[in-house]
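Quick note on labels: first sequence line is chain A, next is B, and so on, each numbered from 1. If you're wondering where the values come from, they're calculated on a predicted model, not measured in any experiment.
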Amino acid sequence: MIEVNKIRDEFENILKALKKRGISDIENKLQDLIKLDDQRKLFKSEIDKINNESNTISKDIGIAFKGGKSHNLESLKLRSQELKEKSKIINGNLKETENKLRLSLYSIPNIPDHRVPEGKSDKENKIIFSSVISKNENLKPHWDLIKEFQIIDFELGNNITGAGFPVYIGKGAILQRALINYFLDIAREKNYTEIQPPLLINDDSATNTGQLPDKEGQMYKIEDENLYLIPTAEVPVTNIYKKKIIEKELLPIKNVAYTPCFRKEAGSWGSHVRGLNRLHQFDKVEIVQIQENSKSEDSLNEMCDHVQNLIESLEIPFRKILLCAGDLGFTSSLTYDFEVYAPGQDKWLECSSVSNFLTYQSNRMNLKIKDGKSKHLAHTLNGSALALPRIVASIIENHQVGDHILIPNVLHKYTGFKKISK
RNA sequence: AGAGAGGUGGCCGAGCGGUCGAAGGCGCGCGCCUGGAAAGUGCGUAUACGAAGCAAUUCGUAUCGAGGGUUCGAAUCCCUUCCUCUCUGCCA
C-alpha cells in the first residue's frame, strides 16, 4: 500500500498518476485518507496523554506503598479508574480509525510509473519489441497436436478433477520437467537462490503481496484451515521477508522458486480459451528480488533480459509489451509482459510478467532496509521465468515438423530426446 | 490426535504483581590498552506510532508469541488462541 505521508507530500503527482488507472473519485478518496490519518494522530496523542497520567499515578501509588504511607491513595485510585474508562473509549476510536485507514489504503492501487501509457485495456499496451512472424495456415494448434502425440490429456484431467487440470503423459511430462530444471539452472547461474516454499498461504501473506483483498475470488480457499492455494510463488517467496530489516550490504536478494500455481480464473473462460492457454493448475518458475530503491530499475531490466534470454533460447517468436494503466496489476508500478507466438492458433500468449512494486508490498509487509542508522522501505520485484503451459503450447506449435515435434536444443540434455514422434 | 513442558531483546537466559524495555552472559559496533593481535577494560547496542526540531537528537506512548480480562499498577495472575519441544498414537 501507498504510504500516507507520501500522499501528503506528493499529492498532485500521485493524484495525476492514479487518474491514469481510471479510478472513479480518486481525489476524494485520497483526501479522505489524509483526513483519516489526521484523526488517527489526534486520537493517538490524546490516548498517549491519558496513559501518561495514569502511569504517573500508578508509580506514585507504588512509591507510597513502599514508603508505608497509605493515606490519600483512594482519590488517586479513583482518578486512575476514571482515566481507564476514558482511555477505553478513545482506544476504541483509535482502533476503529486505524482500521478504516488500513482498509482505505488497501483499496488504492500502486502509483503507475510515468512511463506507463494511458489506456483502458490491453489494446493500449505498448509493444516494445516483436519478433517477425510468418503466418502458416497449415500449422496445427497444440490442442490437436497433444492428442495426436498423446503427451497431454485433458479428458483424463476432467475425470480426475475437472476442466483445466490436464494430465501430462510420457514425453509430455518429461518436457515439463526439463523446462523446470532448465529454468532453475539458468536462474542459479544468475545467482538466484533456489527456494521451495509452502504451496498454501495464510490470510496475512496473501494480503501483503496484494492478492487480498483485491483478488480474493481468484484463489482456491481451504475453508477449514483458512488457507489459500498459492496463485503464484510470488506470495510465499516474497513473504519470506515480512517484518524483516535487511542490511543494505546484503542486497539485492535474488530468489527463484518452481511451484505449481492454482487459479480459479472465474469468469475468464470462453471459446477463445482452449487447451493449455488457460488452466486452473499450472507450473511456473518465478524470480523474486528485494532491492535498494535506487537500484530497482536496474533489477527490473536485468529480470526482463533474463526472461527474454530464456524465450530466445527456446527458439520461439515473442514480443515484449509495456502494460498500459488499465492493464497494469493492482500492486504494480511498472510491468513488462512477454508473449510468445503460437502459430497453430495465430495467437500471442502471455508467458511472463515482470513487475516493479516499489514500496507497495514492502509497506504492507513491513520490510525495511537498514542503511547505517536509518531505515527505509525496500523495493520488491518479481517475474515469471517462465510460466510453463503457454511455453509448451508455443514450442509444440512452432516446432511441429512433419510427423514430429522438435525439442529446442537447449533442452536436449534435460529431456534425453530430441523430438517427439507418434 | 492425546498427555506434559514451554514461548522474554540478534542469540542464550534471569525475573513470577510495583519506578522493568526488562539483570547477567554471548554476539555486534566504537574507544582505551598493544609494535600489531589476543586477553583485559570502558561505552553503546529493539521496533512502531505520536510530539518538538533544518538536523543530530530529545520527550511521550505501546510492545516480554497474539487477543481479551482482573488490578491504581501485569513479563509476572485468569481466560481464549497460535506456535515450539518431549512422550504416546498415526503416517509419506
* Asked: Given the P atoms of B:G15 and B:G53, what is the spacing between them in whole Å?
  -> 46 Å
* If the P atom of B:G24 is compared with that of B:C43, how far apart are they to the nearest Å? -> 11 Å
* Return yes when atom CZ of A:Arg8 has more than 12 non-hydrogen atoms of other residues, nucleotides or ligands closer than 6.0 Å, and no otherwise. => yes
* Taking the same atom, C1', in B:U41 and in B:U34, what whole-Å distance lies between them? -> 13 Å
* Are OP1 or OP2 of B:U57 and a side-chain N or O of A:Lys373 less than 4.0 angstrom apart? -> yes
* Pairwise C1' distance for B:G17 and B:A74, with rounding to whole Å -> 7 Å
* So, do A:His306 and A:Tyr192 have ring centers that fall under 6.0 Å from each other? -> yes
* **Spacing between A:Lys77 atom NZ and B:G17 atom C1', to the nearest angstrom** => 13 Å
* A:Lys88 NZ to B:U71 P: how many Å, rounded? -> 9 Å
* Asked: In dot-bracket notation, what is the pairing pattern of RNA chain B, taking Watson-Crick (N1-N3 plus N6-O4 or O6-N4) and G-U wobble (N1-O2 and O6-N3) contacts under 3.5 Å, with [ ] crossing and | for other strands?
  -> ((((((((.[[[..)..(.....]]]((((((.......))))))(((((((....))))))).[[[[[..)....]]]]])))))))....
* Asked: Listed in order of residue number, which residues of residues 41-53 of chain A have a non-hydrogen atom at under 4.0 Å from RNA chain B?
  -> A:Lys41, A:Lys44, A:Ser45, A:Asp48, A:Asn51, A:Asn52
* **Side-chain N,O (A:Lys368) to OP1/OP2 (B:A48) below 4.0 Å** => yes
* Side chains of A:Gln345 and A:Asn277: is there a donor and an acceptor less than 3.5 Å apart? -> yes
* Structure fact -> Closest non-hydrogen atoms of A:Ile23 and A:Leu18, given as atom of the first, atom of the second and distance, are CD1-O, 4.1 Å
* Below 4.0 angstrom from OP1 or OP2 of B:A62, is there any side-chain N or O of A:Asn55? -> yes
* Hey, is the side chain of A:Arg40 poking within less than 4.0 Å of OP1 or OP2 on B:G50, counting only N and O atoms? -> yes
* Lys/Arg cation over aromatic A:Phe417: A:Lys171, 6.0 Å, 45° cone -> yes
* **Sugar-phosphate only, base, or nothing, as touched by A:Lys244 at under 4.0 Å among non-hydrogen atoms** => nothing
* To the nearest Å, give me how far apart CD1 (A:Ile61) and P (B:U71) are. => 14 Å
* Tell me, which of residues 358-367 of chain A have any heavy atom that sits under 4.0 Å from an atom in RNA chain B? -> none
* Dump the intermediate steps for side-chain hydrogen bond (donor to acceptor under 3.5 Å, both in side chains) on A:Asn356 and A:Ser296, then the final yes or no. => CA-CA 7 Å; A:Asn356 191 347; A:Ser296 69; 3.0 Å; yes
* Asked: Distance between the C1' atoms of B:G9 and B:G25, in whole angstroms?
  -> 13 Å
* Between B:G7 and B:G13, how far is it from one C1' atom to the other, in whole Å? -> 13 Å
* **N/O donor-acceptor pair under 3.5 Å between A:Arg21 side chain and A:Leu328 backbone** => yes
* Asked: Is there a donor-acceptor pair under 3.5 Å between the side chain of A:Asn239 and the backbone N or O of A:Ser205?
  -> yes
* To do: Output yes when a side-chain donor or acceptor of A:Ser362 lies under 3.5 Å from a complementary backbone atom of A:Thr359, and no otherwise.
  => yes
* What interatomic distance, in whole Å, is found between P of B:C78 and the corresponding atom of B:U84? -> 24 Å
* In terms of the nearest nucleotide of RNA chain B, which residue is placed more toward the 5' end: A:Asn5 or A:Ser80? -> A:Asn5
* Euclidean distance, atom NZ of residue A:Lys59 to atom C1' of B:A74 [Å, nearest integer] -> 14 Å
* Considering only the P atoms, how many Å lie between B:U45 and B:A22, rounded to the nearest integer? -> 10 Å
* Structure fact -> Against the side chain of A:Ser58, the closest entry in B:G68, B:G73, B:G69 is B:G73
* To do: Map A:Leu78 and A:Lys375 onto RNA chain B by nearest heavy atom, then report which one ends up closer to the 5' terminus.
  => A:Lys375
